[in-house]
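Below: one structure, written as structure tokens.
Numbered from 1 within each chain, the chains take letters A, B, ... in sequence-line order.
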Protein chains: 2
Amino acid sequence: MPTIKDVAAKAGVSTATVSRVINGEKVREETKEKVIKTIKLLGYRPNQIARSLKTQKTHTIGFVVPDYGQFFMQIAKVVEDILNGYGYSLVVCYSDENPDREKARIRMLTEKQVDGMLVVPTSDEDNYIMELNKRGIPVILIDRMVKDIQTDCVLVDNVNGAYQAVEHLITKGYQRIGVINGRQEVTTGEERYRGYLRVFEDYNLPIDRDIIRFGDFSTESGYTLMKELMSLQNPPEAVFIANCYMTIGAMLAIKEMDIKVPEDVAIVGFDDTELTRLSDPPLTAVVQPVREIGEMAANLLYKRICGDMSDYPKMYRLKATLVVRASTDPGWKADIIEKKGA
Amino acid sequence: MPTIKDVAAKAGVSTATVSRVINGEKVREETKEKVIKTIKLLGYRPNQIARSLKTQKTHTIGFVVPDYGQFFMQIAKVVEDILNGYGYSLVVCYSDENPDREKARIRMLTEKQVDGMLVVPTSDEDNYIMELNKRGIPVILIDRMVKDIQTDCVLVDNVNGAYQAVEHLITKGYQRIGVINGRQEVTTGEERYRGYLRVFEDYNLPIDRDIIRFGDFSTESGYTLMKELMSLQNPPEAVFIANCYMTIGAMLAIKEMDIKVPEDVAIVGFDDTELTRLSDPPLTAVVQPVREIGEMAANLLYKRICGDMSDYPKMYRLKATLVVRASTDPGWKADIIEKKGA
DNA sequence: CTGAAAGCGCTAACAC
DNA sequence: GTGTTAGCGCTTTCAG
């Protein structure tokens, strides 16, 4: 690998000049051409490590997701595209919904000197986040909030999303509406539960604790809890499930128990995947604006990296949409193919 | 941020000593303790960039996947876990099945000076791969091979996988068996097609070009081609679909056309996802040993990074397994829950 | 407009 | 066992 020195020597200029050419600074046209030619000739590529050491910039940004499932990876994809466009590359790593692991990953990213970070926090406490901000590393929270912390974040209105889901069920005439909640230590989980409760309040309906369950967002928990619910003496007529993995688990349970949807129990899930459309029956679901989430987050982060803190702390609250399908509507029929978003 | 110099000064030793302590080299116990105490006191963290500049090692490895779908992300997860264990971190990026983009990502990783790379090539030609190897950057090919190239790779026996699938169909008594192939410029696509053809040869059955289609691995192509097939005057009785995204597309088409599986047409797909189990009906599929693929690849790469080239070039060929479900067997009934692998 | 030179923070000979 | 010192490859004053 040739270095800037080799280029300088071969071109008969100083390393400073070569550096200037590389960085697009003012250099006499003639000199510039000579340098560029030599660079090509030697196949020279600037050493990013050396450059980073000097400039304190790595042009890398980190993204910590709880898991590598569709929802977060779709976001990762749009984030990566946008950031690539700005000349940054993305390091994605997963926390496994585990605050300790999350902290470890963030620490790793910090040591790698990323210029900024996107994180989906696995807990609503603990604020190493502010520490990063203090250290001058911009961080954008995605999807979930951390309490008592003022920082940039891109969120979805989960209360409203859940509300729509449950209200739809009520409108459809379902009475005993159960819920499989996600992790309450995380704002999405808590907010969706809140949305569920609020419908009952607004409609002045009684709440039955028996059919309210708490899972951990995993497929397994969805499976177990759905089995529990449907084994009740008086099982729910409809169930709202607070995320996509639990919905998958719940559907597996239903399949296994030979229960008819929506005749025996209506289902409304959260998040949209191919599965929602292909499952038997296709699922009514609250769908989140994945592309927008990614765009807002990537652009906001870029703005911060560029030093523009003008509207800090900025909070985006995007709206989710209810998509009705057969799992809450026996008469439903797919007439148009819904295109794959990813 | 304190530097090694600050620590040295405060502890009253030389930077060399501090460095030795950090790197676990022999230092008098007394001195070591003093240094460690100062490190803690100052909250010192070694600057990885500086270290990399000096040692020429970044302790980072790159992974280029065609997409962020379940199959590759499951592999990424096991790879990341293993590599993390060895003190390496993983940068995953996607090529979008596009050779140019792939080249760009590999170039980016090279400039980031990764210590090694895992790549799922998007084409069976073009060998910048060897260039990397020559440059001393170990590369392991995953899932797909590059022709005329001798290098480490972890593959699945696709010919055999497809063979099992189609043979199963024949055993079940299906006669007109169609296929939706993947990209033939990629070894998995080509091999699976080869497996399909070989069954016909072995069983001395006629091949009908009409029901052989070529997609590009995408959901869209699966959708379109399945529609084409089923709109034929004489549609196939069974279809083998060469990857999971196309299977999804095909199932969407089937749903839309109101075709019964397996009564009107039997389906066997490739790769296992929750969808295979939840779709209507659950899908017979060739499942690849995801965990093993990741383990073999990560460990082999680590070995290479450590300078052990003993068995180079090593080629692993793992076996795929056929899992039979209702899409080829009307009598099938799920009795045990198949646990989520990821 | 260009060059000389001083580091960025760390490691690794090489001395002592 | 520990210190001195010369870089790793680049950017960036500061002179000229």
Atom pair CE/CZ of M108(A) and R101(A) - distance to nearest 0.5 Å: 10.0 Å
Distance, rounded to the nearest Å, where H59(B) contributes NE2 and dC10(C) contributes C1': 14 Å
Whole angstrom value for the distance that separates P of dG7(D) from CG of L53(A): 17 Å
Nucleotide dT11(D), atom C1' - distance to CG of N47(A) in whole Å: 13 Å
Distance in angstrom units between D6(B) CG and dC10(C) C1', rounded: 13 Å
Main-chain N/O of I106(B) paired with T110(B) side-chain donor or acceptor, under 3.5 Å: yes
Relative orientation of the end axes in the helix from dC1(C)-dG16(D) to dC16(C)-dG1(D), expressed as an angle to the nearest 10° (five pairs per end): 40°
Euclidean distance, atom CD1 of residue I4(B) to atom C1' of dT11(C) [Å, nearest integer]: 8 Å
Between P of dG9(D) and CD1 of I49(B), the distance in whole Å: 15 Å
Sidechain-backbone polar pair: R183(A) side chain, T122(A) backbone, donor-acceptor under 3.5 Å: yes
Output field: ring centroids Y94(B)/Y68(B) closer than 6.0 Å: yes
Quiz item: K54(A) side-chain donor-acceptor pair to dG9(D) base, under 3.5 Å: no
Test of ring centre spacing under 6.0 Å for Y86(B) and Y302(B): yes
Lys/Arg cation over aromatic Y312(A): K314(A), 6.0 Å, 45° cone: no
Interatomic distance where NZ belongs to K34(A) and C1' belongs to dG3(C) [whole Å]: 13 Å
Gap between atoms CD1 and P, on I22(B) and dG9(C) respectively (whole Å): 13 Å
D6(A) side chain to T3(A) backbone, donor-acceptor under 3.5 Å: yes
Sugar-phosphate, base or nothing in reach of S19(A), heavy atoms under 4.0 Å: base
K5(B) (side chain) and dG9(C) (base): donor-acceptor pair under 3.5 Å: no
dT11(C) phosphate, OP1 or OP2, under 4.0 Å from N23(B) side-chain N/O: yes
K112(A) and T60(A): CA distance, side-chain angles, deciding distance, side-chain hydrogen bond (donor to acceptor under 3.5 Å, both in side chains) verdict: CA-CA 9 Å; K112(A) 277 216 150 23; T60(A) 301; over 6 Å; no
Using a cutoff of under 3.5 Å, can you pull out all pairs of nitrogen or oxygen atoms linking the protein to nucleotides 2-4 of chain D, with atom names and distances?
residue : atom : partner : partner atom : Å
dT2(D)  : OP1  : R28(B)  : NE           : 3.2
dT2(D)  : OP1  : R28(B)  : NH2          : 3.3
dT2(D)  : OP1  : T31(B)  : OG1          : 2.3
dT2(D)  : OP2  : R28(B)  : N            : 2.6
dG3(D)  : OP2  : S14(B)  : N            : 2.9
dG3(D)  : OP2  : S14(B)  : OG           : 3.2
dG3(D)  : OP2  : T17(B)  : OG1          : 2.5
dG3(D)  : N7   : R20(B)  : NH1          : 3.3
dG3(D)  : O6   : R20(B)  : NH2          : 2.4

D115(B) side chain to T58(B) side chain, donor-acceptor N/O pair below 3.5 angstrom: yes
